[in-house]
Amino acid sequence: VSADKGLPNGNRQLKLPPDKFDNSNRVINHNRSTRIKLDYKSLEFEPICDITGREAVSAISRAQSQRCKEWLVNVTCLSQLNLLYPAELKSSCPHSLGFDTTPKSLGCYKDDKIARLLPNYYSIFKNNNSPKHCAHMCLQSGFPYAGVEYGVECFCGKEEPPETSQIQDSECNKKCPGDPLQTCGGYLTINIFSTGIKKFKPQEARNNSFSATEKPPVRIAYLLTVNGRASRQVRRLINILYDPSHLFYIHVDSRQDYMYREMLEIEGSCEKGNIIVAKGENRHASIWGGASLLMTFLDAARQMLLRSKDWDFLVNLSESDYPIKTNAKLVEFLTWNRGMNFVKSHGREVQRFLSKQGLDKTFVECEARMWRVGDRSLPLGIQIDGGSDWVGLSRDFVAYVAAPEPDELVAGLLRVFRHTLLPAESFFHTVLRNSRFCDTYVDNNLHVTNWKRKLGCKCQYKAVVDWCGCSPNDFKLEDFGRIRGTRERNLFYARKFEPVIDQRIIDRIDAWLYPERINASEALNKGIDAYWQSLYHHKDTSPLADDSLLSVATSLARLVYRRLGEPSANDGHLLEASVHFKANRFSGILVRAASERLAMESSTLMQADIPEQLEAFVHPRRNLSTSSSWQDKIISLVVNTDYDQKEQTFRNYLGAVGPLSAPVLAYELDASVALPLNVTVLWVDPFDRLADAIHLQIEESGLLGHVKPQLTEPLVIGLWHVYIVADSKVIARTSFPVAPLTHWKNKPITRNKARELNSGPTGGAAAYSHVTRQSIEKWRKALELDLQLDEVKIELEERWGWQLERWLDSMVQDNYEIVRICDAGEERRSRIRGPRRPRTLQRCVDTDWSSLSPDPKSDVKSICRG
Ligand code: UDX
């Protein structure tokens with residue numbers, strides 16, 4: 001029995017697997033134990049210097065292309081020669097000019113690198129003997145220039161969680177009981193706030209009888225940076241934010257062509273011309289946390305300045321943001337605060353922020369990845385500040401910061417931020433603090449963010465960045481109280497929202513902000529509790545679809561036509577696959593297919609009752625059996641792939657598992673289960689061979705968890721079984737099909753590839769060599785399971801072409817149920833003669849489930865028309 005496995009949340013397993021990640025310092029330590037040397041022979045170019053740093057060597061060795069390796073080498077060499085960054089930059093904030101930054105003038109200064117970096121913002125005091133006394137002395141002596149309001153803050157005692165993605169909750173949770181200055185963990189931070197800032201609350205503004213005639217309302221330019229496939233949610237976001245005086249500039253990650261096509265359609269449908277989609281060279285592969293995100297922002301900002309002279313504020317949002325105040329309130333607030341700049345600072349001890357954020361490291365972006373190549377020193381003479389990358393910036397500041405020919409400060413910072421992880425989380429803050437705009441800094445990013453770091457900090461971006469990044473969680477209906485609680489505060493947006501996780505919260509916010517919409521006409525409320533999200537579209541070229549998804553969905557397209565009696569079922573050709581949610585629950589998969597043959601055929605064939613295009617509603621069949629005493633205790637038990645640890649759910653909605661998939665078992669137990677509970681999870685392949693066994697101790701915090709087996713690839717095709725064993729009894733059993741691939745890299749699979757992938761692991765039973773004979777014997781006996789004891793040589797019949805398709809189709813038929821079919825064909829064109837084919841199938845547009853049925857909440861066209 002393999003014992004050393006990754007642990008599901010909250011449960012104790014025997015040992016954590018050796019991992020490249022050390023979650024405690026959030027830095028990925030590659031090859032930590034041995035000092036690695038660069039294999040110069042692998043480079044097809046002459047490096048300009050000798051590379052010695054461990055991180056750089058690791059990055060260069062891991063990069064695939066020579067181009068990326070060369071870029072990594074060049075940046076590393078420039079950094080080693082101190083040529084990469086400016087050593088010093090000059091602040092042009094007027095405050096810094098008259099401010100005596102010599103630490104001694106503050107009385108209690110202890111030498112600290114950060115204080116030298118950040119002379120006029122923070123002074124840091126070591127909490128040696130009496131920090132309180134120290135602070136008192138400093139405050140008594142007075143800050144040495146007038147017109148400045150100052151405050152003392154304990155960095156760990158703030159109510160609000162820090163507005164940066166890279167600090168763990170545990171640090172914020174160190175409470176400062178009693179006198180915060182005594183106990184706040186070793187540092188006292190003195191923040192100096194400028195008094196120049198006017199912060200106008202809309203409530204006060206209303207008392208002052210604000211009217212649009214006194215102050216012309218501001219115009220907002222939204223920069224929407226979007227990726228993924230949740231295009232209906234982006235449409236819904238635009239629908240609720242839309243105002244003819246606003247500008248919407250949409251940037252779609254250049255690798256996402258489904259979303260891009262969707263956004264182009266929105267752009268085309270809005271005749272007012274105030275929805276613009278970035279195209280051509282203005283599109284970037286905006287990877288998570290990448291330097292390209294800042295380039296995307298600045299490039300978009302330049303375009304927005306060029307395209308419209310009218311807007312006053314730029315507000316950036318993503319596909320998972322949503323407003324929590326009405327448009328009118330936002331416009332009113334910003335109108336009172338014209339010229340100000342809204343960014344949120346981390347509110348923490350600065351050195352900690354810098355290191356948690358990776359600001360003291362050089363990163364290089366290539367191959368759609370941020371590589372960490374080593375330590376760096378930030379320029380002296382300026383304050384480094386940062387926090388959230390969701391901002392509200394004034395037009396003047398945007399014009400300054402995105403100027404084609406930036407001044408020395410911005411140009412110098414661009415050099416720094418070109419090699420910075422999560423650059424937009426610090427770039428604007430830092431420019432603001434050190435430029436003539438410093439008085440316009442408002443510590444508010446207008447956002448409420450749903451940080452749950454225990455769930456959101458799982459190093460989930462390790463495939464994209466050499467860092468352990470965090471993400472906020474999605475809001476759910478139960479969070480509505482928290483959102484409503486912000487009504488008196490100047491917070492206008494919240495993140496994150498995903499209808500596939502919870503659409504009710506979005507509906508609730510809509511109803512709260514715009515109650516009049518609830519009683520709107522029936523037509524406007526159609527499809528209100530439904531949500532559709534694309535899984536596949538036949539026009540997609542990037543990113544490549546998952547081959548298991550494509551194989552199974554293509555099979556479904558064939559099966560639907562076969563079900564209708566189409567003689568040549570192979571003509572059932574997949575157009576689209578989507579997931580459908582109803583009343584906030586997954587309700588099924590929609591498969592849109594076409595029969596190419598029928599579309600081209602004569603009228604005789606068209607009389608047959610088979611539409612040239614159709615959409616089918618499909619249910620994956622699930623099977624779970626539990627022993628009678630466990631029936632009420634097991635809420636769910638599912639095997640699938642793409643488990644999202646943050647939202648604790650599977651993202652593979654079709655549930656297609658193929659030979660190269662990595663299945664995971666997710667479980668949810670009822671609170672009535674006696675804890676701790678010791679269970680063993682047995683994974684048995686279609687030939688009754690024990691493929692893995694995992695011991696698990698489930699504790700109170702782990703009633704919802706997941707288990708990842710160690711299975712040998714390629715997985716054997718067929719039906720797999722998973723047994724949950726407690727007290728030597730099987731308490732539950734489930735199964736999952738591993739389907740053969742008919743597609744590889746999105747093309748029909750070749751014979752050789754089919755042989756390689758669809759024939760199971762090479763080596764027969766030896767493929768599961770980590771499972772011992774003793775353990776097989778133990779489980780065979782204890783559970784009376786028919787497990788193979790001896791090595792069995794499995795010889796799967798080699799199938800290809802139509803035989804491979806039939807093999808897959810029969811598995812798909814067993815595991816999916818076609819529930820409904822509608823006619824997605826267009827009305828016949830007049831050039832086709834002959835009698836009109838009577839429709840016996842309902843038209844898709846008339847159903848309430850098809851992806852072609854009305855969805856007014858996501859309709860941009862009519863809202864744009866006004
Ligand atoms: C969090 C923080 O909120 C954010 O400030 C920080 O930059 C990253 O961590 P998170 O929810 O993890 O955000 O990121 P997400 O909203 O998914 O992505 C950030 C932005 O990058 C979005 O606009 C998103 O559309 C874009 N993005 C992300 C891409 O364009 N391509 C990608 O592959 C991933």
Side-chain angles (χ1 to χ4, degrees), residues 26 161-168 222-231 233-234 237 249-260 262-263 277-278 282-297 299-300 315-322 343-346 353 356-359 363 365 367-370 386-391 417 420-429 445-453 455-465 467-475 493-498 500-501 542-543 644-647 651:
R26 324 193 45 64
E163 194 51 54
T164 167
S165 58
Q166 307 310 321
I167 294 179
Q168 299 256 28
Y222 282 108
L223 166 54
L224 304 185
T225 49
V226 299
N227 90 107
R229 303 187 80 90
S231 59
Q233 179 57 21
V234 179
L237 175 66
Y249 186 88
I250 307 175
H251 178 273
V252 183
D253 187 321
S254 60
R255 298 162 299 173
Q256 300 278 345
D257 48 62
Y258 172 77
M259 184 66 101
Y260 183 57
E262 286 282 295
M263 296 301 112
V277 177
N282 295 318
R283 289 186 72 196
H284 305 269
S286 38
I287 63 167
W288 187 95
S292 51
L293 275 174
L294 178 60
M295 293 311 130
T296 302
F297 191 117
D299 194 31
V315 171
N316 66 330
L317 298 177
S318 77
E319 67 281 354
S320 51
D321 290 69
Y322 209 69
V343 295
K344 178 94 178 158
S345 187
H346 55 90
F353 168 71
K356 292 286 170 186
Q357 192 76 8
L359 280 165
F363 284 84
E365 185 174 335
E367 293 178 350
R369 182 184 180 89
M370 284 292 269
S388 161
D389 56 0
W390 305 103
V391 296
F417 280 89
T420 300
L421 179 77
L422 293 159
E425 289 194 354
S426 305
F427 176 75
F428 299 106
H429 305 62
N445 66 348
L446 313 174
H447 267 72
V448 183
T449 309
N450 191 23
W451 286 111
K452 289 188 178 171
R453 286 167 210 277
L455 291 172
C457 294
K458 300 265 189 214
C459 288
Q460 61 268 46
Y461 299 106
K462 60 188 173 186
V464 186
V465 294
W467 202 254
C468 282
C470 306
S471 287
N473 270 77
D474 291 342
F475 279 107
Y493 309 94
R495 78 190 309 264
K496 301 173 74 164
F497 296 92
E498 278 189 283
V500 291
I501 299 297
S542 167
D644 176 346
Q645 289 193 52
K646 177 167 76 76
E647 301 300 338
R651 299 279 184 168

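Each ligand, and each atom within it, is numbered from 1 in the order the structure gives.
Only the side chain of L293 comes within 4.0 Å of ligand 1, judged by heavy-atom distances. Contacts between T296 and ligand 1 below 4.0 angstrom, taking non-hydrogen atoms only, are absent altogether. Here Q256 has no heavy atoms under 4.0 Å from ligand 1, in either its backbone or its side chain. At a heavy-atom distance under 4.0 Å, atoms from both the backbone and the side chain of N227 approach ligand 1. At a 4.0 Å heavy-atom cut-off, ligand 1 does not touch F297 at all.
Between Q460, K496, H447, it is K496 that holds the heavy atom closest to atom 11 (O) of ligand 1. Between E425, R495, K646, it is R495 that holds the heavy atom closest to atom 13 (O) of ligand 1.
Ligand 1 lies nowhere less than 4.0 angstrom from a heavy atom belonging to H251. Contact between R255 and ligand 1 is present, with at least one heavy atom of the residue lying under 4.0 Å from the ligand. At least one heavy atom of P472 sits closer than 4.0 Å to an atom of ligand 1. The closest approach between any non-hydrogen atom of C470 and ligand 1 is below 4.0 Å.
Of the two cysteines examined, C457 and C468, the SG atoms fail the criterion of being under 2.5 Å apart.
Short contacts between ligand 1 and W390, defined as distances under 4.0 Å to a heavy atom of the residue, involve ligand atoms 3 (O), 4 (C), 5 (O), 23 (O). Atom numbering of ligand 1 starts at 1 in the shown order; those under 4.0 Å from a heavy atom of T225 are 22 (C), 23 (O), 24 (C), 25 (O). Applying the 4.0 Å criterion to heavy atoms of S318 picks out, from ligand 1, the atoms 22 (C), 23 (O). Atoms of ligand 1 lying under 4.0 Å from any heavy atom of L422, numbered from 1 in the order shown and given with element: 6 (C), 7 (O), 8 (C). Distances below 4.0 Å separate heavy atoms of V226 from the following atoms of ligand 1: 25 (O). Distances below 4.0 Å separate heavy atoms of E319 from the following atoms of ligand 1: 24 (C), 25 (O). Per-residue contacts place Y461 under 4.0 angstrom from the following atoms of ligand 1 (heavy atoms of the residue considered): 12 (O).
Taken from CD1 in I250 to CG in L317, the straight-line distance is 11.0 Å, to the nearest 0.5 Å. Separating the NZ atom in K458 from the CD atom in Q645 is a distance of 5.5 Å, to the nearest 0.5 Å. In this structure, the separation between CG on N473 and CG on N450 is 6.0 Å, given to the nearest 0.5 Å.
Residues satisfying the side-chain hydrogen bond (donor to acceptor under 3.5 Å, both in side chains) criterion with Y258, sequence neighbours excluded, are absent altogether.
Side-chain atoms of Y260 and V277, non-hydrogen and from C-beta on, do get closer than 4.5 Å to each other. In this structure, L359 and S426 have side chains that are in contact, with non-hydrogen atoms separated by less than 4.5 Å.
Any N or O atom pair closer than 3.5 Å counts here, and W451 shares no such pair with ligand 1. Considering backbone and side-chain N/O of S471, one or more are found under 3.5 Å from N/O of ligand 1.
With M370 as reference, V465 is the one residue of T420, L422, V464, V465 to meet the side chain to side chain contact (heavy atoms under 4.5 Å, CB included) rule. Checking each of K452, H447, K496 against P472 for a side chain to side chain contact (heavy atoms under 4.5 Å, CB included) leaves exactly one that passes, namely K496.
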>> For a side chain to side chain contact (heavy atoms under 4.5 Å, CB included) check, start with the C-alpha distance between E319 and L237, then their side-chain angles and the critical distance, and finish with the verdict.
In response: CA-CA 8 Å; E319 67 281 354; L237 175 66; over 6 Å; no

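For the residue pair D299 / T296, no side-chain donor-acceptor distance below 3.5 Å is found, with atom types taken as modelled.
Between F297 and F428, a ring centre-to-centre spacing shorter than 6.0 Å is recorded.
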